[in-house]
Amino acid sequence: MFKKLFVLLFLIISIPFSVQAHTTLLSSTPAEGENVAEALEEVQLVFGTKIEEGSTMTIEGESESFEFANIAIAEDTMVGDFKETLPNGSYRILWNIIGEDGHPIEGEVAFGVSIEAEEEVETSPVETEVAEELANPVVESAEGESGGNLMVTVLLILAAVLVIYGIYKLLLKKE
């Protein structure tokens with residue numbers, strides 16, 4: 001009797017863990033930490049499952065934000081076309097999606113832009129130094145959404161195992 005109760009309790013507790021899996025970002029163009037040397041025409045994000053309409057993304061620079069001219073969503077992919085060319089610097093793609101399971105999820109992808117000027121003009125040493133700093137932006141890496149979700153899942157599973165073990169020990173003492 002107690003073994004059946006233990007198995008039933010284990011199944012009841014373990015089912016929500018398999019259901020709680022959320023959509024994660026599988027890939028992006030530009031990639032996390034990438035330093036782009038050509039003018040970007042679009043940004044593409046690919047997720048682990050179908051995403052719903054209402055999902056959005058924006059670009060944040062060091063001092064201003066940039067909007068997309070158009071954002072298209074198709075199955076597991078979101079593509080944004082630029083209104084204007086991004087100047088050299090560090091940027092973050094901030095995305096908010098609604099996964100197929102209905103849960104809103106957000107994240108970011110950091111990248112840099114360093115496009116060399118086509119014409120070389122005589123510059124002063126100060127201008128050269130500023131140009132080099134702009135050409136080699138420091139891109140700060142952000143922790144991926146999947147890393148945070150994984151830690152929460154592991155902690156919840158560990159807590160469930162401890163609770164089940166405690167109930168099992170209590171049931172053994174009663175016999």
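All values derive from a computational prediction rather than experimental measurement.
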**Prompt:** Is there a donor-acceptor pair under 3.5 Å between the side chain of E75 and the backbone N or O of K50?
**Reply:** no
**Asked** Same cluster or not: are L94 and F66 linked, directly or through other Ile, Leu, Val, Met, Phe, Trp or Tyr residues, by side-chain heavy atoms under 4.5 angstrom apart?
**Response** no
**Message:** Run F111 and L86 through side-chain contact (heavy atoms from CB on, under 4.5 Å) and show every step you take.
**Reply:** CA-CA 12 Å; F111 70 98; L86 295 175; 4.1 Å; yes
**side-chain contact (heavy atoms from CB on, under 4.5 Å) evaluation trace for D81 with E41** = CA-CA 6 Å; D81 300 323; E41 294 180 13; over 6 Å; no
**Request:** Determine yes or no for a side-chain-to-main-chain donor-acceptor pair under 3.5 angstrom, with S55 supplying the side chain and I98 the backbone.
**Result:** yes
**Prompt:** Cluster question for you: counting only ILVMFWY and a side-chain heavy-atom cut-off of under 4.5 Å, with indirect links fine, are I93 and I73 together?
**Reply:** yes
**Request:** Decide side-chain contact (heavy atoms from CB on, under 4.5 Å) for W95 and I105; before the verdict, give the C-alpha distance in whole Å, the side-chain angles of both, and the deciding distance to 0.1 Å.
**Result:** CA-CA 8 Å; W95 53 268; I105 305 165; 4.0 Å; yes
**Asked** Atom CG of L40 and atom CD of E38: how far apart are they, to the nearest 0.5 Å?
**Response** 9.0 Å
**Request:** Nearest 0.5 Å please: distance from the CG atom of D76 over to the OG1 atom of T49.
**Result:** 7.5 Å
**Request:** Of all the heavy-atom pairs spanning T85 and A39, show the shortest one and how long it is.
**Result:** CG2-CB, 4.0 Å
**Asked** Do S65 and T58 come close enough that some side-chain heavy atom pair is under 4.5 Å?
**Response** no
**Message:** Can you tell me how far apart CD (E42) and OG1 (T29) are? Round to the nearest 0.5 Å.
**Reply:** 8.0 Å
**Request:** Look at the aromatic rings of F82 and F68 and report parallel, tilted or perpendicular, splitting at 30° and 60°.
**Result:** tilted
**Asked** For S28 and E32, which heavy atoms make the closest approach, and how far apart are they?
**Response** OG-N, 3.9 Å
**Asked** Under a 4.5 Å side-chain heavy-atom rule over Ile, Leu, Val, Met, Phe, Trp and Tyr, are L26 and V43 clustered together?
**Response** no
**Message:** I'd like to know if Y91 and V79 are part of one continuous hydrophobic network [Ile/Leu/Val/Met/Phe/Trp/Tyr, side-chain heavy atoms within less than 4.5 Å].
**Reply:** no
**Item:** Same apolar cluster (I L V M F W Y, side chains within < 4.5 Å links), V46/I51
**Value:** no
**Asked** When rounded to the nearest 0.5 angstrom, what distance separates CD in E62 from CZ in R92?
**Response** 11.0 Å
**Prompt:** Applying the side chain to side chain contact (heavy atoms under 4.5 Å, CB included) test to M57, which of E108, M78, E106 qualifies?
**Reply:** M78
